[in-house]
Protein chains: 2
Amino acid sequence: MSVGNTFFKTAFSVDNVIFGFDNSSLKILLIKRAERPFKDYWALPGDLVFPDEDLDNAPKRVLKELTGLENVFLEQVATFGKTDRHPKGRVITVAYYSLVNIANVNPKAHSFANELAWHELSEIHTLAFDHMLIMQTCLQTLKSKVRTQPIGFELLPQKFTLSELQDLYEAVLGKPLDKRNFRKKILSLGVLLDQEEYQQGVAHRPAKLFQFDRHRYEEAKSMGYTFEV
Amino acid sequence: MSVGNTFFKTAFSVDNVIFGFDNSSLKILLIKRAERPFKDYWALPGDLVFPDEDLDNAPKRVLKELTGLENVFLEQVATFGKTDRHPKGRVITVAYYSLVNIANVNPKAHSFANELAWHELSEIHTLAFDHMLIMQTCLQTLKSKVRTQPIGFELLPQKFTLSELQDLYEAVLGKPLDKRNFRKKILSLGVLLDQEEYQQGVAHRPAKLFQFDRHRYEEAKSMGYTFEV
DNA sequence: ACAAAAGTGTTGTGTTTACACCCATGT
DNA sequence: ACATGGGTGTAAACACAACACTTTTGT
């Protein structure tokens, strides 16, 4: 496996599927391409990997440039490398997904050169390159991960109600869940901290607010416990 | 995302963790490196990706060169891209794993330039580069996949006994399983075809041979059914 | 006759599902 | 007073775990 010059013909990028949750729907952050190919198409935010940069750093950098966020959930999903996936040359891309709380996304970042917007998942039908496929792969990963690991919280504000959490799970899994069973299950995990605090100014019985206990959450994660919803 | 020349400094490889199962132990196929760096270390078989080759083709090519096998189970696992993972330069590598029946591996392939051998998993303690990490990541993926998808069969000969299948599961999962529960579970999936045929020449009651029903297996796979052992 | 592995059911325990009504608040 | 979503328990069905003895063959 010698590193000969003939092999430096391939470029290397990352693409980031940034999930957010708002008004009970699941969204992802897209940029509108300003250049050809696929000019004016919506696309996943991404960039080439710098030659002196660890691979995992590239999606962090992209995320921070776009949203101002650091230290959020971000995981590698898969690598896409068909020879014809980029019309301008050979570009292999590593897909990542991240989970962010939309409210925390710095709006200043939107003054970025490219047009930037949250899109509801159900309304995305075409994207540049093979980004549809990449997006669907990441969604699939999110779906299966959310059922067995407590990562849903990453998409919510610090304090949330159980109904908000349930709406989120329903949006991700794309199916309705039983309220009583959902609550029993999620509370039995012991990763929710009762804040003894309530919603205010709602035209119905105010809901209790919960926060999630990052310490117990880490324990649960490392124990690979199972959580079927 | 323009494909500028400054970015063609990175080389691109695949590495393949080839699992086999033999004498009730799980093994992987390693090559002994003939060149520096890591001369005389055991390493995962891999190669650079050709500039005009689909990424997924590269591990197929590596597998075929080494074993003579085609059309076996092969899946992408993850991509490793720390800047310092290869002492000679920047090499990003995509890890794949495959499941093969050791008996089918063409012994002629062993006349390959490099020394080639099956190693028991429990006896592998050091490998070249970051291949230990890659191997462990693939093993982890195999473990979790084998619990929920019927991929174990890929490691066995066409006809096998239920005890052989159980031995395999025990080797992969690293823990003993209850015989009666295992049989109930596996038969209830309906992916095993009773061959009405028995072992011969064994010094005990001969076991029934099963074959697995690829058709039903595909159905089960696509239905994402769950199978906890 | 003995050794070796094959084969086979039942019962208790825990988990999952299905389901309907009262409660607290704002208007 | 009414509309809105919040909050709660129980019973039936199902899945899982634990467990021991008989059968068939070769030597």
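Letters A, B, ... mirror the listed sequences (proteins, then strands); counts begin at 1. Since we're looking at a predicted model, the values are computed, not measured.
Scanning for ring pair (Phe, Tyr, Trp, His ring centres under 6.0 Å) contacts around B:Tyr41 gives B:Phe38, with sequence neighbours left out. Partners of A:Lys179 by side chain to side chain donor-acceptor pair (under 3.5 Å), not counting sequence neighbours: none found. With sequence neighbours left out, the side chain to side chain donor-acceptor pair (under 3.5 Å) criterion links B:Asp40 to no other residue. The side chain to side chain donor-acceptor pair (under 3.5 Å) check on B:Ser24 picks up nothing, with sequence neighbours excluded. Remark: B:Phe210 engages no residue in a ring pair (Phe, Tyr, Trp, His ring centres under 6.0 Å) (not counting sequence neighbours). For B:Asp130, the side chain to side chain donor-acceptor pair (under 3.5 Å) partners are B:Arg85, not counting sequence neighbours. Take B:His119 and apply the ring pair (Phe, Tyr, Trp, His ring centres under 6.0 Å) test, not counting sequence neighbours, and it matches B:Trp42. Remark: A:Tyr96 pairs with no residue by the ring pair (Phe, Tyr, Trp, His ring centres under 6.0 Å) rule, at least two apart or across chains.
Within residues 155-166 of chain B, the residues that have a heavy atom under 4.0 Å from DNA chain C are, in order of number, B:Ser163.
Counting any heavy atom pair closer than 4.0 Å across all strands shown, A:Lys184 reaches a base atom.
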Toss me the dot-bracket line for DNA chain C: Watson-Crick and G-U wobble, both under 3.5 Å, 5' to 3', using | for pairs to another strand and [ ] for crossers. |||||||||||.|||||||||.|||||
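Taking atom OH of residue A:Tyr198 and atom C1' of nucleotide D:dG5, one finds them 15 Å apart after rounding to whole Å. Rounded to whole Å, the distance from CG on A:Asp178 to P on D:dT10 is 16 Å. Atom-to-atom, CD of B:Gln199 to P of C:dA4 comes out at 16 Å; the value is rounded to the nearest Å. Nucleotide D:dG7 holds its C1' atom 13 Å from the CG atom of A:Asp194, rounded to whole Å. Computed from coordinates, the B:Arg180 CZ to C:dA5 C1' distance equals 15 Å when rounded to whole Å. Taking atom NZ on B:Lys208 and atom P on D:dT24, their separation rounds to 13 Å, with Å as the unit. Distance CZ (B:Phe182) to C1' (D:dA15): 17 Å, rounded to an integer number of Å. For A:Asn181 and D:dA12, the CG to C1' distance is 13 Å, given to the nearest whole Å.
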Protein proximity profile, nucleotides 22-27 of chain C - base contact B, sugar-phosphate-only contact S, no contact -, cut-off 4.0 Å on heavy atoms: -BBBS-
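Nearest heavy-atom pair, A:Ala43 versus A:Leu127, reported as atom, atom and distance to 0.1 Å: N-CD2, 4.3 Å.
The aromatic rings of B:Phe153 and B:Phe160 sit tilted relative to each other, their planes meeting at an angle between 30° and 60°.
Looking at A:Gln166, its side chain does come within 3.5 Å of a backbone N or O of A:Leu177 through a donor-acceptor pair.
Of the candidate nucleotides D:dC16, C:dG7, D:dG6, D:dC16 has the atom lying nearest to any side-chain atom of B:Lys185. The side chain of B:Lys179 has C:dG7 as its nearest neighbour among C:dG7, D:dA18, D:dT8.
Remark: A:Arg183 is not in phosphate contact with D:dT8, judged by side-chain N or O atoms under 4.0 Å from OP1 or OP2.
Under the salt bridge (charged side-chain N to carboxylate O under 4.0 Å, His left out) criterion, the residue pairs touching residues 192-205 of chain A are A:Lys159-A:Glu197, A:Asp194-A:Lys208, with sequence neighbours excluded.
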